[in-house]
> 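Okay, here's the structure, questions in a sec.
These values consider heavy atoms only, across backbone and side chains, with no hydrogens, waters or symmetry-generated copies. Bear in mind that the values here come from a model prediction, so they are computed numbers and not experimental data.
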Amino acid sequence: CRIKTTSAKAGAVGRSVSMFSWVKQEQGGRNKEGEMYQTVTEGLQSLYTKKLLPLEETYLFHDFHSPALEPADFQSKPMVLLVGQYSTGKTTFIRYLLEQDFPGMRIGPEPTTDGFIAVMYGESEGVVPGNALVVDPKKPFRKLNAFGNSFLNRFICSQMPNQVLQSISIIDTPGILSGEKQRISRGYDFAEVLRWFGERVDRIILLFDAHKLDISDEFSEAIKALKGQDDKIRVVLNKADQVDTQQLMRVYGALMWSLGKVINTPEVVRVYLGSFWAKPLQNTENRRLFEAESQDLFRDIQSLPRNAALRKLNDLIKRARLAKVHAYIISYLKKEMPSLFGREKKKEELIMRLPEIYTILQREHHISPGDFPNVAKMQDMLQHYDFSKFPSLKIKLIESVDKMLATKIAVLMSMIREEESKQPPAMVSGGAFEGSQDGPFGQGYGEGISAGADAEDWIVSRDKHRYDEIFYTLMPINGKITGVNAKKEMMNSRLPNTVLGKIWKLADCDRDGMLDDEEFALAQHLIKVKLEGYELPTELPDHLVPPSHRKNPTADALYNHTED
């Protein structure tokens, strides 16, 4: 009897456990294969830890390329890295975005920022020194510990309560100097630190001064250190108001030529022109251009939170491809080593033959040439390793990563879209991003299609006398002209038929296939707007509707009252 009771209890417990595990699974937890995730961030972290990290650790990936990723790397806010020569306005640019000073900020014409400053959100203002920063598990900087005290003494985190920093973090870098003496005296590998940040940030902004277009040796090395992150790079030509239009054209051309010598990509880098500080423009003839460029740059930065998950996913894929290639290289070198004698000689031979080995692996495993690491750097690092101690190729680890790339990544892609549809990430707001679109100082306010929006009269009436002269030469019948006659006149604008067709639909307010004098004047006004370079609306704004075609609420109310 006692045995039966015990077995019954065990069965009840088993059923309850299975029941609760089912409930947990229904609530969105992971199943046994780890394929269910509550968020994309959790999914990325799980895939990296279970699938990619074992491959990296087996083949010494962290020694050759990049330190292991930590939870903070997946959970951190989008980061913007500013790089440029001294006195190009990097720190001023951050202050312009935040619209307030931040702790540790120094601005001047001389090289003032002598270290890296991570400007991040905090409930109270303060500065966290580098040595304390790299032991904080909540910050994504723990692996910077490898660069030693020389770097950590020049690295701080500036925290402050600012609305902009609730969405993004900004990394300010030392002004890049020219000359061998200054470069050696840094005490740490500046290019390697930039490479570390470049792999983890969401946007890299290279700042240039309109009067400092020369790219020094160290700046050239810094840009080369960011190779492979070309999709993140944007270029800002700052202080562009200090030259006139003719000089600006020459400066822009010289900048593109200089960049073409350093950034070896067939695509043209996106360059934003402007004066990014809250001071009056010295040259106002390009004011409209600067406003449009700054709004484009703001939109690019504002979109970072929305694309953060996609960027992390993209970086994980790039890392996985590099880790696979690295595993093939290491295992090939191991396979070629002799078992007993002549190891050193064979090692030297293999290092010399590394470009040839790349070609062999490329052909054997169908790998793109762009996935291979830099040959010269790899040859230099291999000098310090014993090839006979390298691990052999483990197919299961490779297959696990291949499966992740083929199936698991697609699941996370669909999850990103679902998360965006359910709860779109907040755009960057506050600081310079606040209020620039609204009110009379918003870009395009009172221009193009919005001209006359706050005027009491119908803006088209100001030129209607000229349009009427044309209208009455087109032989109106009962106060209207036919589509055929209107087409002859509208074609004189030389606009494409698709544009003219859209203008016709907007101007024909009563949809009778003919135009009266007001509708014709509206069509001419819309043609003028388009010829001036502005876009046409999908629907006609209320302020452009001809007076005789407007609904008069007061008249309707009076009419209804009389009827009653």
Side-chain angles (χ1 to χ4, degrees), residues 80-99 105 107-113 164 170 172-173 175-178 203-216 219-220 222-223 226 230 232-263 265 267-303 428 431-433 435-437 441-445 447 533:
V80 178
L81 177 69
L82 297 179
V83 183
Q85 301 188 114
Y86 74 92
S87 194
T88 52
K90 296 186 297 298
T91 308
T92 307
F93 181 79
I94 298 174
R95 202 226 168 276
Y96 176 72
L97 293 182
L98 302 181
E99 289 190 345
M105 183 186 87
I107 295 174
E110 77 283 4
T112 49
T113 306
V164 174
I170 306 173
D172 192 10
T173 61
I176 295 174
L177 306 169
S178 56
R203 184 68 73 240
I204 301 167
I205 296 180
L206 304 180
L207 270 98
F208 288 87
D209 185 333
H211 294 101
K212 286 182 186 171
L213 295 179
D214 59 311
I215 298 179
S216 64
F219 197 11
S220 177
I223 295 173
L226 301 170
D230 305 322
K232 300 178 183 178
I233 294 177
R234 303 289 183 272
V235 176
V236 170
L237 179 57
N238 201 11
K239 306 180 185 180
D241 63 320
Q242 296 180 6
V243 294
D244 59 32
T245 306
Q246 185 181 17
Q247 290 171 329
L248 183 60
M249 288 176 63
R250 291 174 178 167
V251 166
Y252 182 82
L255 174 61
M256 297 304 289
W257 182 84
S258 298
L259 286 171
K261 304 280 281 184
V262 182
I263 303 176
T265 56
E267 298 84 9
V268 177
V269 183
R270 178 65 167 98
V271 178
Y272 298 92
L273 311 173
S275 179
F276 296 95
W277 65 344
K279 298 284 180 72
L281 295 175
Q282 292 187 22
N283 232 314
T284 57
E285 54 191 71
N286 292 312
R287 182 189 186 105
R288 190 170 154 191
L289 170 66
F290 297 155
E291 287 173 357
E293 290 284 288
S294 66
Q295 289 302 322
D296 284 352
L297 180 59
F298 283 0
R299 275 193 292 270
D300 185 67
I301 296 172
Q302 282 182 304
S303 69
V428 179
F433 302 98
S436 58
Q437 294 294 327
F441 295 100
Q443 186 190 1
Y445 186 89
E447 300 174 359

> Residues in side-chain hydrogen bond (donor to acceptor under 3.5 Å, both in side chains) with Gln247, at least two apart?
none

> I'd like to check Asp244 versus Asn286 (side-chain heavy atoms, cut-off strictly below 4.5 Å). Are they in contact?
no

> What's the separation between atom CZ in Arg287 and atom OG in Ser275, rounded to the nearest 0.5 Å?
11.0 Å

> Quick check: do Val243 and Asn283 have side-chain heavy atoms less than 4.5 Å from each other?
no

> Does some side-chain heavy atom of Leu248 sit less than 4.5 Å from a side-chain heavy atom of Leu237?
yes

> Is Arg270 positioned over the aromatic face of Tyr272, cation under 6.0 angstrom from the ring centre and no more than 45 degrees off axis?
yes

> Could you check whether any side-chain heavy atom of Leu81 comes within less than 4.5 Å of a side-chain heavy atom of Arg203, counting everything from C-beta outward?
no

> Any idea which heavy atoms bring Ala210 and Ala240 closest together, and the distance?
CB-CA, 4.4 Å

> Could you go step by step and tell me if Leu82 and Ile170 meet the side-chain contact (heavy atoms from CB on, under 4.5 Å) rule?
CA-CA 8 Å; Leu82 297 179; Ile170 306 173; 4.2 Å; yes

> Would you mind reporting whether Leu206 and Leu226 have side-chain heavy atoms less than 4.5 Å apart?
yes

> Would you call Ile176 and Tyr86 a side-chain contact if the rule is heavy atoms closer than 4.5 Å?
no

> Would you call Lys239 and Asp209 a salt bridge, taking side-chain N to carboxylate O under 4.0 Å as the test?
yes

> Run the side chain to side chain donor-acceptor pair (under 3.5 Å) test on Thr88 and Asn238 for me, step by step, so that the C-alpha distance in whole Å, both residues' side-chain angles and the decisive distance to 0.1 Å come before the verdict.
CA-CA 7 Å; Thr88 52; Asn238 201 11; over 6 Å; no

> Could you tell me which non-hydrogen atom of Lys90 sits nearest to which non-hydrogen atom of Val83, and how far apart they are?
CD-C, 3.7 Å

> Under the 3.5 angstrom rule, does the side chain of Glu293 hit a backbone N or O of Gly274 as a donor-acceptor pair?
no

> Given the rule in the ring-ring contact (aromatic ring centres under 6.0 Å, His included) test, do Phe208 and Phe219 qualify, once you have shown the distances and angles that lead to the verdict?
CA-CA 11 Å; Phe208 288 87; Phe219 197 11; 5.4 Å; yes

> What is the ring orientation for Phe298 with Tyr96, classed by angle as parallel under 30°, tilted 30 to 60°, or perpendicular over 60°?
tilted

> Treating Glu285 as the side-chain partner and Thr245 as the backbone partner, does any N or O pair qualify as donor plus acceptor under 3.5 Å?
yes

> Apply salt bridge (charged side-chain N to carboxylate O under 4.0 Å, His left out) to Asp241 and list each qualifying residue two or more places apart in sequence or on a separate chain.
none

> Between Leu97 and Phe276, does a side-chain contact (heavy atoms from CB on, under 4.5 Å) hold up when you go through it step by step?
CA-CA 9 Å; Leu97 293 182; Phe276 296 95; over 6 Å; no

> Yes or no on side-chain contact (heavy atoms from CB on, under 4.5 Å) for Arg234 and Ile204, after CA distance, side-chain angles and deciding distance?
CA-CA 6 Å; Arg234 303 289 183 272; Ile204 301 167; over 6 Å; no

